[in-house]
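Let me begin by presenting the structure, written as structure tokens, before commenting on it.
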Amino acid sequence: MSDVKQHKLMSTWKFIDKLGEDYDKAVRFLSTLLSIGVDTETTGSEPITDKVLLISAGNTDTQFVFDVAKLESNLEPLLNVLANPQIIKIVHNAKFDYKFFRRSFGIALEPVFDTMIAEMLLLKGRKLQGFALDDIADKYLGVKMDKDIRKSFLKMVYGDSFTEPQLYYSAMDVAYLHKLREEQMRFIRKHGLEKVSVIEMATIPAIGDMELAGMFIDKVKWLKAEENAKAAKLTAMEKLNEFFSPIYGKDMFGNCNINYNSPKQLLPAIKSVVGKPAEGLSSTAEAALKEIDHPAIKALLAYREKEKRITTYGSAFLEYINPVTGRIHSDFSQLYTDTGRFSSANPNLQNIPREKVYREAFTSGDPDYRLITVDYSGMELRILADLSKEPKWIQVFIDKGDLHAINGSILYGVPIRKPGTNGPTDPGENYHLRQPAKSLNFGIGYGMGPKKLAREANLPFDKARELVSAFWRNFPSIKKFFDAHVAKCMNDKCVRCPYDGRLRWLDGFDLDNPKEQARVRNMCMNFPMQAGNATITKRALTRIREHLMGKDAQIVGTVHDEIIVRTHKDIADEIYKIVVDDMIGAAKEFMFNVPVEVEGKIDTCWSK
DNA sequence: GCTTTTCCCGGC
DNA sequence: AAACGCCGGGAAAAGC
């Protein structure tokens with residue numbers, strides 16, 4: 001037993017590498033704790049291929065470091081304690097350890113309190129990095145931790161023996177977790193983040209399971225899409241050459257001397273090819289180019305689309321397939337964004353093209369299995385109706401009406417009806433007015449002004465201005481809600497979602513700058529809808545995971561307001577009902593004024 | 001030569 | 001491109 005003076009605390013730690021009295025005592029001690037600090041040292045960061053070398057567990061006073069290879073088949077007593085749902089596991093970056101415990105030992109490390117997630121929650125809007133354990137140990141406890149030692153494990157293989165410093169620092173990795181949690185909880189309470197904190201912590205195991213499950217991708221279908229994109233790109237390029245080669249010449253391979261991927265080269269080139277209509281062009285972005293009606297521009301936009309398909313969604317994407325599972329395991333971050341939405345990376349599964357061929361390439365991977373895709377319909381607008389209690393909107397949702405058409409008829413003062421509503425010969429009425437109303441409904445929630453609406457809906461500026469003012473006039477509850485909400489945000493220097501208190505700090509903005517002030521105002525208006533939707537989806541994921549336990553079904557993906565579950569075909573109907581009920585149930589935890597609806601499908605592939 | 005930033009575009 | 005919110009990624013350009 002090594003005694004170490006640590007910041008006025010007497011802390012003892014012990015290395016356990018064999019069966020016997022010490023091991024028994026350690027397990028017995030841990031089993032008496034209400035919360036256990038837990039950490040693992042692993043051979044790398046991949047839970048599917050890397051191995052756990054050490055498990056550290058303990059509290060402020062006492063820590064144990066278990067040698068996994070030495071204990072091997074005798075880990076069960078320890079794992080039983082760690083899997084005990086009555087004991088909270090305090091972990092820094094718990095998703096990482098959760099996945100290793102799940103994959104290597106078959107246990108679910110839950111419930112967890114994650115000191116990294118807690119810190120991110122507290123600092124949303126203030127910073128995006130600096131959440132490592134040594135950062136916060138220094139910040140809250142003034143403890144300097146030596147993190148270089150962690151790298152030394154990466155060179156190791158399973159079964160190697162450890163140095164004294166390696167073991168000591170592994171023990172220290174769990175010694176501060178209880179104190180950190182206490183300190184963070186003081187601030188969580190101070191800022192009213194108790195509720196959202198519980199939601200975030202409970203979501204962690206669901207995300208861990210989801211990442212481990214992964215998504216199967218049909219390589220043949222995917223590559224077929226790439227081949228088509230390559231052919232279309234060539235066609236677009238030939239068309240581009242017709243316009244640009246006469247001016248810029250060709251290289252020895254017959255390609256134009258212009259790099260069509262280079263905005264810097266393109267901007268002046270477009271001006272000389274297109275002439276007058278492109279005179280004031282200041283960017284080659286799609287939004288700017290769309291204003292110009294010219295065959296060269298059409299060819300360029302087609303080229304760009306195909307280039308994107310090939311570079312981002314082409315064969316390189318398949319390199320993410322894990323050789324062991326044959327599936328793609330994206331990294332989902334539940335708290336990187338300022339609004340609480342998930343981000344997804346390596347690869348990003350949240351921006352796969354909507355085009356059918358791309359979604360259809362994601363399959364269940366087995367003829368006996370299905371993918372269930374369910375999404376909330378019109379969720380952000382429902383949240384706005386719920387929060388503002390706007391009676392006209394609420395009535396539309398209760399009646400299952402068409403919000404865009406009905407709002408359109410209110411704003412324009414004329415009826416709007418879809419052709420064919422009253423029988424096959426019904427020509428409809430003013431149906432073209434639905435689109436601008438839809439743009440306005442969506443845009444208003446993040447501060448769209450008349451200028452943008454005019455562009456978006458192809459309206460004269462005066463008409464757009466009229467529409468915007470008609471919106472505020474006709475839906476006064478929404479105006480009242482936003483006005484009060486924005487005023488409070490500006491006063492508090494933070495924005496919150498009323499559902500769970502989720503917070504985004506707004507300090508650090510120059511509010512004397514009108515542009516920046518407008519941006520902050522828009523962020524305030526948009527936040528409750530985005531954050532509310534994110535929270536509801538997280539609750540849905542947590543509920544679904546619980547109800548799928550022990551069944552042949554797993555969550556495999558989520559895209560903001562959408563959840564994808566893989567399951568055996570024989571129980572697909574049953575699982576579908578669980579997913580739908582949990583999604584609606586999750587929304588009902590927060591929304592009391594507006595009914596919620598979901599749309600879903602059971603298919604062999606990811607579908608919309 | 002390597003890394004960071006900018007521009008652009010895919011999603012909700 | 002923007003007086004429209006939130007992301008991640010690829011290629012080019014810029015910076016070191």
Side-chain angles (χ1 to χ4, degrees), chain A residues 124-125 128 229 258-267 280-292 300-301 303-314 316-317 319-320 330-355 358-359 375-381 383-384 439-457 461 464-465 468 482 495 504 513-534 537 557-563 606 608:
Chain A
K124 220 57 307 211
L128 287 171
I258 292 247
N259 180 352
Y260 297 124
N261 295 326
S262 162
K264 197 187 165 179
Q265 293 178 38
L266 263 178
L267 188 59
L281 201 64
S282 59
S283 142
T284 72
E286 192 178 333
L289 293 180
K290 271 189 173 157
E291 302 298 311
I292 301 168
L300 176 59
L301 292 176
Y303 169 86
R304 283 239 181 98
E305 181 186 303
K306 300 310 170 189
E307 177 74 2
K308 183 81 171 179
R309 296 284 191 272
I310 295 161
T311 54
T312 306
Y313 307 107
F317 196 91
E319 317 235 326
Y320 285 110
S330 171
D331 302 327
F332 286 85
S333 175
Q334 71 186 76
L335 223 44
Y336 177 77
T337 68
D338 285 334
T339 55
R341 270 191 184 179
F342 284 104
S343 68
S344 158
N346 307 307
N348 184 350
L349 289 184
Q350 298 195 133
N351 69 345
I352 303 298
R354 293 177 61 92
E355 218 176 316
Y358 290 94
R359 304 290 174 113
D375 68 326
Y376 289 108
S377 46
M379 194 50 151
E380 294 198 357
L381 293 177
I383 292 175
L384 179 54
S439 296
L440 186 54
N441 287 338
F442 278 125
I444 215 81
Y446 33 75
M448 182 169 68
K451 203 169 175 178
K452 173 69 182 172
L453 177 65
R455 288 266 179 242
E456 178 104 353
F461 179 77
R465 195 173 48 191
V468 172
F482 274 140
V495 52
R504 175 186 187 172
N513 176 341
K515 270 191 185 176
E516 212 163 346
Q517 191 188 35
R519 219 174 85 78
V520 172
R521 179 175 45 82
N522 293 342
M523 289 182 334
C524 291
M525 290 165 73
N526 185 246
F527 184 86
M529 286 177 277
Q530 245 190 65
N533 196 353
T537 300
T558 180
V559 191
H560 307 308
D561 60 0
E562 172 180 340
I563 293 172
W606 185 8
K608 257 283 167 189

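Just so you know, these numbers use all the heavy atoms, side chains as well, and skip hydrogens, waters and symmetry mates.
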- From the candidates dA2(C), dG10(B), dA3(C), the one with an atom nearest any side-chain atom of Arg309(A) is dG10(B)
- Query: Whole-Å distance between dA11(C) C1' and Leu300(A) CG?
  - Reply: 15 Å
- State, with a plain yes or no, whether a side-chain heavy atom of Thr337(A) is found less than 4.5 Å away from one of Phe342(A). no
- Atom P, compared across dA2(C) and dC7(B): separation rounded to whole Å: 9 Å
- Task: Give Leu349(A) one of three labels, base, sugar-phosphate or nothing, depending on what nucleic acid heavy atoms sit under 4.0 Å from its own.
- Result: nothing
- Task: Take atom CG of Leu281(A) and atom P of dC7(B), then tell me their distance rounded to the nearest Å.
- Result: 14 Å
- Among dC12(B), dC9(B), dC6(C), the one nearest Thr337(A) by side-chain distance: dC6(C)
- Query: Can you check the Leu267(A) CG to dT6(B) C1' distance for me, whole Å?
  - Reply: 14 Å
- Could you check whether Ala345(A) gets within reach of a base, just the sugar-phosphate, or nothing at all, counting any heavy atom under 4.0 Å? sugar-phosphate
- Any side-chain N or O of Arg341(A) less than 4.0 Å from the OP1 or OP2 oxygen of dC7(C)? no
- Message: How many whole angstroms separate atom CE of Met448(A) from atom P of dG5(C)?
- Response: 12 Å
- Comparing Ala285(A) and Ser343(A) on DNA chain C - which has the more 5′ nearest nucleotide: Ala285(A)
- Query: Looking for any heavy atom pair under 4.0 Å, which part of the strands does Asn533(A) touch: base, sugar-phosphate only, or nothing?
  - Reply: nothing
- Among the nucleotides dA12(C), dA11(C), dG8(C), whichever has the atom closest to the side chain of Asn348(A) is dG8(C)
- May I ask you to say whether Glu355(A) pairs ionically with Lys308(A), meaning some side-chain N is under 4.0 Å from a carboxylate O? no
- Task: Pick base, sugar-phosphate or nothing for Glu380(A), based on heavy-atom distances below 4.0 Å to the nucleic acid.
- Result: nothing
- Counting heavy atoms from C-beta on, name the nucleotide in dA14(C), dG10(B), dG11(B) closest to the side chain of Glu286(A). dG10(B)
- Query: Starting at CG of Leu335(A) and ending at P of dC7(C), how long is that distance when rounded to a whole Å?
  - Reply: 11 Å
- Item | Pairwise distance CG(Leu281(A)) to CD1(Ile292(A)) - rounded to 0.5 angstrom | 4.5 Å
- Task: Name the closest nucleotide to the Tyr336(A) side chain, picking from dG8(C), dC6(C), dC9(B).
- Result: dG8(C)
- Message: Please report the distance, rounded to the nearest Å, between NZ in Lys308(A) and P in dG11(B).
- Response: 9 Å
- Query: Could you go step by step and tell me if Arg304(A) and Leu289(A) meet the side-chain contact (heavy atoms from CB on, under 4.5 Å) rule?
  - Reply: CA-CA 12 Å; Arg304(A) 283 239 181 98; Leu289(A) 293 180; 3.8 Å; yes
- Arg341(A) CZ to Ser333(A) OG distance, which is reported to the nearest 0.5 Å: 14.0 Å
- Residue met sooner reading DNA chain C from 5', once Tyr313(A) and Asn261(A) are mapped to nucleotides: Tyr313(A)
- Could you check how far CZ of Arg304(A) sits from P of dC7(B), rounded to whole Å? 13 Å
- Query: Is any side-chain N or O of Lys515(A) closer than 4.0 Å to OP1 or OP2 of dA2(C)?
  - Reply: no
- Rounded to whole angstrom units, what separation is found between the CG atom of Asn346(A) and the C1' atom of dG8(C)? 9 Å
- Message: Considering every strand and a 4.0 Å limit on heavy-atom distances, what is the contact class for Glu562(A): base, sugar-phosphate, or nothing?
- Response: nothing
- Message: By nearest atom, which of the nucleotides dA13(C), dC12(B), dA11(C) is closest to the Thr311(A) side chain?
- Response: dA11(C)
- Contact under 4.0 Å: Thr312(A) side-chain N or O vs dG10(B) OP1/OP2: no
- Would you classify Arg455(A) as touching base, sugar-phosphate or nothing, given that sugar-phosphate means primed atoms plus P, OP1 and OP2, and contacts are heavy atoms under 4.0 Å? base
- Out of dA3(C), dC7(C), dC6(C), which nucleotide sits closest to the side chain of Arg504(A)? dC6(C)
- Please work out if Gly447(A) contacts a base, only the sugar-phosphate, or nothing of the nucleic acid, heavy-atom cut-off 4.0 Å. sugar-phosphate
- Nearest 0.5 Å, what's the CZ-CE distance between Phe442(A) and Met448(A)? 10.5 Å
- Task: Kindly indicate whether the side chain of Thr312(A), heavy atoms from C-beta on, has any atom under 4.5 Å from the side chain of Phe317(A).
- Result: no
- Message: Given dG5(C), dG10(B), dG11(B), identify the nucleotide with an atom nearest to the side chain of Glu305(A).
- Response: dG10(B)
- Quick one: is Lys451(A) getting a side-chain N or O under 4.0 Å of the dA2(C) phosphate, OP1 or OP2? no
